Engineer: 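What follows is a structure written as structure tokens; I'll ask about it next.
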Amino acid sequence: MTNPLELPFDTDEMIDGLRPWIETESPTFDAGAVNRMMDLVQHDLAALGARVERIPGRMGFGDSVRATMPHPRAGEGGILLLGHMDTVHPVGTLQKLPFRREGGICYGPGLMDMKGGNYVFLDALRKLLAAGVETPLPVTVLFTPDEEVGTPSTRALIEAEAKRHKYILVPEPACPDGGAVIGRYAIARFDLQTRGKPSHAGWALKDGVSAIAEMAKHVAVIEGMTSDDCTFSLGVFNAGQWVNCVSSVCDAEVLSMATTQEQLDAGIAKMMALNSDQGNVVMEVTRGVTRPVWEPDQPGTMAMLGVAQEISRELGFEMTGQSAGGGSDGNFTGYLGLPTLDSIGVRGQGLHTLNEHIEVDSLVERAKLAAGLYCRLGA
């Protein structure tokens, strides 16, 4: 049998293949843009001979793509490759962050998080099929459109699909040391609204009550609740249309992350306690989507990490395993107790910024890791 770690992966070929993926911008809130990305992915999967399904989006989000790779036992639960194709970068980001290679670094919006990882794990399947290598277990691919906003529309789909499989691979970006994630902290989102009293800001300022001013006071209060075990960040703030009007409504969004479910529950209680209809301004706090704690050191996941570590040693590096913040769809599968290996995608830095980039050498490294996992899990 062909050694999967010796398959002819080619860096330049992968960069050429990644270019259209990165230049097809796909911000979460633009369902049409996400669907153009799904069109491209659907074509690439069909070219591999996969049986591809397009699952219509809901709640205003884009579609999902599910593909069953060619295999004598195709359709049976085996390995699930789970990734998202949405990014945080709005359409037009390419003008500021064009896809380009500069020596050992490659730049582009969504390249690190997480189109690069998705692509190399597909390229591993492509090379295995071309070499006539049959994996011990069948492989299913599921790409979704809404991970960057907490997966509100596809969580049920992900969980239902994952329960059919023995192993889940999530090629989110690798940890800073190149390691994998074997557990994740809990995350909760909150929608906030203050409601005051409008007035003309020049002619009758004293008659108004500013919703903006009230929300601004709460920024320091909310972020001041941060501790080592539970953090709070107000990351969205929207209000006002006319500078000569005292704004009567202000909306904001808060993200909280906690190391344990107990800490998250306590943080949720603190946020909900901010609800108030006393005085001149109403503060309304409602819970958004939540990612549950994925407890580390689960036996099935640790066994997967052991396989990955054997492969990494053969590739010349040591793969660590750790619990981490920054939620992913691995939260859901890990929370269910399903064997899940997360953050096994490309190495890089600057995700969610205009400096997002990957280390070019990690493309082949991670493709070989992927090929090894496909061939050794279930063997």
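Model, not experiment: these values are computed from the prediction. What's counted below: heavy atoms across the whole structure, side chains too, no hydrogens, waters or symmetry copies.
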Engineer: When rounded to the nearest 0.5 angstrom, what is the spacing between CD1 in I358 and CE in M112?
Structural biologist: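 So the CD1 of I358 and the CE of M112 are separated by 9.5 Å.
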Engineer: Considering only residues two or more places apart or on different chains, which pairs with a residue in residues 172-190 satisfy salt bridge (charged side-chain N to carboxylate O under 4.0 Å, His left out)?
Structural biologist: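 Non-adjacent pairs meeting salt bridge (charged side-chain N to carboxylate O under 4.0 Å, His left out): R184-D342.
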Engineer: Roughly how far, to the nearest 0.5 Å, is CD of Q42 from CZ of R54?
Structural biologist: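 That separation rounds to 5.0 Å.
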Engineer: Measure from the side-chain N and O atoms of Y374 to the backbone N and O of F121, and report whether any donor-acceptor pair falls under 3.5 Å.
Structural biologist: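 Pair found, side chain donor or acceptor close to backbone of F121.
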Engineer: Between R58 and S153, is there a donor-acceptor pair closer than 3.5 Å when you use the side chain of the first and the backbone of the second?
Structural biologist: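 Yes, R58 side chain to S153 backbone: donor-acceptor pair under 3.5 Å.
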Engineer: Taking atom CG of D228 as the centre, does the number of heavy atoms from other residues, nucleotides or ligands within less than 6.0 Å exceed 12?
Structural biologist: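 No, because the 6.0 Å sphere around CG of D228 holds 12 heavy atoms or fewer from other groups.
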Engineer: Under 4.5 Å between side-chain heavy atoms, hopping through other hydrophobics if needed: is there a path connecting L40 to I15?
Structural biologist: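 Cluster IDs for L40 and I15 match.
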Engineer: Considering all heavy atoms of both residues, which atom of V219 and which atom of F237 are nearest to each other, and what is their separation?
Structural biologist: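 Heavy-atom minimum between the residues: CG2-CE1, 4.2 Å.
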Engineer: On a heavy-atom basis, which atom in Q261 and which in A186 lie closest, and how many Å separate them?
Structural biologist: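 Looking at all heavy atoms of both residues, the shortest contact is OE1-CB, 4.2 Å.
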Engineer: Output a table of donor-acceptor pairs, distance under 3.5 Å, between side-chain atoms of residues 281-296 and any protein atom two or more places apart or on a different chain; print 'none' if there are none.
Structural biologist:
| residue | atom | partner | partner atom | Å |
| --- | --- | --- | --- | --- |
| T286 | OG1 | D191 | O | 3.4 |
| R287 | NH2 | T290 | OG1 | 2.9 |
| R291 | NH1 | T151 | OG1 | 3.4 |
| R291 | NH1 | S328 | O | 3.0 |
| R291 | NH1 | D329 | OD1 | 3.1 |
| R291 | NH2 | E147 | O | 2.9 |
| R291 | NH2 | T151 | OG1 | 2.9 |

Engineer: Is any NZ, NE, NH1 or NH2 atom of the basic residue among E159 and K163 found under 4.0 Å from an Asp or Glu carboxylate oxygen of the other?
Structural biologist: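 Salt bridge: no.
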Engineer: Side chains of T135 and P138: closer than 4.5 Å at any heavy-atom pair?
Structural biologist: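 T135 vs P138: side chains apart.
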Engineer: So, H71 versus E76: side-chain donor-acceptor pair below 3.5 Å or not?
Structural biologist: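 Looking only at side-chain atoms, E76 and H71 do not form any donor-acceptor pair under 3.5 Å.
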Engineer: Can you tell whether the side chains of R164 and E161 come within less than 4.0 Å, N to carboxylate O?
Structural biologist: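 Yes.
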Engineer: Within the side chain of Q193, is there an N or O that forms a donor-acceptor pair under 3.5 Å with the backbone of C250?
Structural biologist: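 Checking the backbone N and O of C250 against the side chain of Q193, no donor-acceptor pair under 3.5 Å is found.
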Engineer: Kindly indicate whether a cation-pi arrangement holds for R347 with F317, taking the cut-offs as under 6.0 Å to the six-membered ring centre and within 45° of the axis.
Structural biologist: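 Judged by the rule (NZ or CZ under 6.0 Å from the ring centre, within 45° of its axis), R347 counts as positioned above F317.
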Engineer: With heavy-atom distances below 4.5 Å as the criterion, would you say the side chains of I182 and S323 are in contact?
Structural biologist: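 No. Closest side-chain heavy atoms not under 4.5 Å.
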Engineer: In Å, rounded to the nearest 0.5 Å, how long is the span from OG1 of T259 to CG of D229?
Structural biologist: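 So the OG1 of T259 and the CG of D229 are separated by 4.0 Å.
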Engineer: For N280, does the CG atom sit with more than 12 other heavy atoms under 6.0 Å from it, leaving out its own atoms?
Structural biologist: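 Counting neighbours around CG of N280, 12 or fewer heavy atoms of other residues, nucleotides or ligands fall under 6.0 Å, so no.
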Engineer: Between the side chain of T24 and the main-chain N/O of W21, is any donor-acceptor distance below 3.5 Å?
Structural biologist: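 Not confirmed, T24 side chain does not pair with W21 backbone.
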Engineer: With a sphere of 6.0 Å drawn around NE2 of H200, does it hold more than 12 non-hydrogen atoms of other residues, nucleotides or ligands?
Structural biologist: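 Check passes, neighbour count above 12.
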Engineer: Return yes when atom CD of Q349 has more than 12 non-hydrogen atoms of other residues, nucleotides or ligands closer than 6.0 Å, and no otherwise.
Structural biologist: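 At most 12 heavy atoms, drawn from other residues, nucleotides or ligands, come within 6.0 Å of this atom.
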Engineer: Ring pair (Phe, Tyr, Trp, His ring centres under 6.0 Å) with Y107: which residues, sequence neighbours excluded?
Structural biologist: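 Residues passing ring pair (Phe, Tyr, Trp, His ring centres under 6.0 Å) with Y107: H357.
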Engineer: When you measure from the side chain of Q298 to the backbone N and O of G334, does any donor-acceptor pair fall under 3.5 Å?
Structural biologist: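 Yes, Q298 side chain to G334 backbone: donor-acceptor pair under 3.5 Å.
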Engineer: Given V34 and D30, is the side chain to side chain contact (heavy atoms under 4.5 Å, CB included) satisfied, shown in steps?
Structural biologist: CA-CA 6 Å; V34 172; D30 189 334; 5.7 Å; no
Engineer: Can you find a pair of side-chain heavy atoms, one from M272 and one from I268, that are under 4.5 Å apart?
Structural biologist: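 Yes, their side chains come closer than 4.5 Å.
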Engineer: Donor-acceptor pair, D86 side chain versus E148 backbone, under 3.5 Å?
Structural biologist: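 Checking the backbone N and O of E148 against the side chain of D86, a donor-acceptor pair under 3.5 Å is found.
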Engineer: Salt bridge check: are E214 and R195 linked by an N-O gap of less than 4.0 Å?
Structural biologist: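 Judged by the 4.0 Å cut-off on N to carboxylate O distance, E214 and R195 do not form a salt bridge.
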Engineer: Check L234, I222, V254, L274 against F190 for a side chain to side chain contact (heavy atoms under 4.5 Å, CB included) and give me the one that passes.
Structural biologist: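 Going through the options one by one, the only one that passes is V254.
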Engineer: Are there more than 12 heavy atoms of other residues, nucleotides or ligands under 6.0 Å from atom OH of Y335?
Structural biologist: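 For Y335, atom OH is not crowded (no more than 12 foreign heavy atoms under 6.0 Å).
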Engineer: Distance check, rounded to the nearest 0.5 Å: K96 atom NZ versus N355 atom CG?
Structural biologist: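 Result: 14.0 Å between the selected atoms.
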Engineer: Are side-chain heavy atoms of V181 and C175 found at a separation under 4.5 Å?
Structural biologist: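 Heavy-atom side-chain distance check passes, below 4.5 Å.
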Engineer: Counting distance only, does the side-chain N/O of S256 pair as donor-acceptor with the main-chain N or O of T231 below 3.5 Å?
Structural biologist: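 Yes; at least one donor-acceptor contact below 3.5 Å.
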Engineer: Does the S227 side chain pair with the main chain of C230, one donor and one acceptor, at a distance under 3.5 Å?
Structural biologist: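 Confirmed, S227 side chain pairs with C230 backbone.
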Engineer: Grouping I, L, V, M, F, W and Y whenever their side-chain heavy atoms are under 4.5 Å apart, do F143 and V139 come out in a common cluster?
Structural biologist: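 Hydrophobic grouping puts F143 with V139.
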Engineer: How close do M38 and D63 get, heavy atom to heavy atom, and via which atoms?
Structural biologist: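 So the two residues come closest at CE-O, 3.3 Å.
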Engineer: Assess the residue pair F99 and C106 against the criterion (side chain to side chain contact (heavy atoms under 4.5 Å, CB included)); give the C-alpha distance rounded to whole Å, side-chain angles, the decisive distance to 0.1 Å, and a yes or no.
Structural biologist: CA-CA 7 Å; F99 180 80; C106 191; 3.6 Å; yes
Engineer: Quick one: hydrophobic cluster around I187, which other residues, with the 4.5 Å side-chain cut-off, linked directly or via members?
Structural biologist: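 Direct or chained contacts put I187 with Y185, L255, M257.
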Engineer: Does V65 reach the side chain of V52, with side-chain heavy atoms less than 4.5 Å apart?
Structural biologist: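 Contact flag for V65/V52 side chains = yes.
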Engineer: Side chains of residues 202-210: which donor-acceptor partners sit under 3.5 Å, not counting sequence neighbours?
Structural biologist:
| residue | atom | partner | partner atom | Å |
| --- | --- | --- | --- | --- |
| S210 | OG | I212 | N | 3.2 |
| S210 | OG | A213 | N | 3.0 |

Engineer: So how far is it from L169 CG to L81 CG, rounded to the nearest 0.5 Å?
Structural biologist: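 That separation rounds to 6.5 Å.
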Engineer: Apply side chain to side chain contact (heavy atoms under 4.5 Å, CB included) to the pair T87 and E25, showing each step before the final yes or no.
Structural biologist: CA-CA 8 Å; T87 79; E25 296 175 285; over 6 Å; no
Engineer: Can you find a heavy atom in the side chain of K368 that is under 4.5 Å from one in the side chain of P4?
Structural biologist: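 No. Closest side-chain heavy atoms not under 4.5 Å.
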Engineer: Do T194 side-chain atoms and A211 backbone N/O form a donor-acceptor pair below 3.5 Å?
Structural biologist: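 Confirmed, T194 side chain pairs with A211 backbone.
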Engineer: Specify the closest pair of heavy atoms between M319 and G179, including all atoms of both residues, with the distance to one decimal.
Structural biologist: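 For M319 and G179, the tightest heavy-atom pair comes out as CG-CA, 4.3 Å.
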Engineer: So, for L18 and G116, which heavy atoms are closest and what is the spacing to 0.1 Å?
Structural biologist: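 So the minimum-distance heavy-atom pair works out to CD2-CA, 4.0 Å.
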Engineer: For a quick test of reading the model, state the closest non-hydrogen atom pair linking E356 to L111 and the distance between them.
Structural biologist: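 In this case the closest contact between E356 and L111 is OE2-N, 3.3 Å.
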Engineer: Residues two or more places apart in sequence or in another chain: which of them pass ring pair (Phe, Tyr, Trp, His ring centres under 6.0 Å) with Y167?
Structural biologist: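 Applying ring pair (Phe, Tyr, Trp, His ring centres under 6.0 Å) to Y167 gives none.
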Engineer: With rounding to the nearest 0.5 Å, note down the distance linking CG in L137 to CE in M69.
Structural biologist: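 Spacing of CG (L137) from CE (M69) equals 14.5 Å.
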Engineer: For D123, is there an ion pair with R126 - N to carboxylate O distance below 4.0 angstrom?
Structural biologist: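 Here R126 pairs with D123 in a salt bridge, since their nearest N and O are under 4.0 Å apart.
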Engineer: If we count only N and O atoms by modelled type, under 3.5 Å, do the side chains of D146 and T28 hold a donor and an acceptor together?
Structural biologist: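 There is no such pair (donor and acceptor under 3.5 Å, judged by atom type) between the side chains of D146 and T28.
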Engineer: Heavy atoms, side chains only, cut-off 4.5 Å: are V41 and M37 in contact?
Structural biologist: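 Yes, close enough: below the 4.5 Å cut-off.
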Engineer: Using distance alone, with no hydrogens and no angle criterion, decide if S26 and K115 have a side-chain donor and acceptor under 3.5 Å apart.
Structural biologist: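 Looking only at side-chain atoms, K115 and S26 do form a donor-acceptor pair, the distance falling under 3.5 Å.
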Engineer: Would you kindly say whether T333 and T340 are connected by a side-chain donor-acceptor distance under 3.5 Å?
Structural biologist: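 Yes.
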Engineer: Mind running side chain to side chain contact (heavy atoms under 4.5 Å, CB included) on I55 and L157 for me, showing each step along the way?
Structural biologist: CA-CA 10 Å; I55 302 169; L157 171 67; 4.0 Å; yes
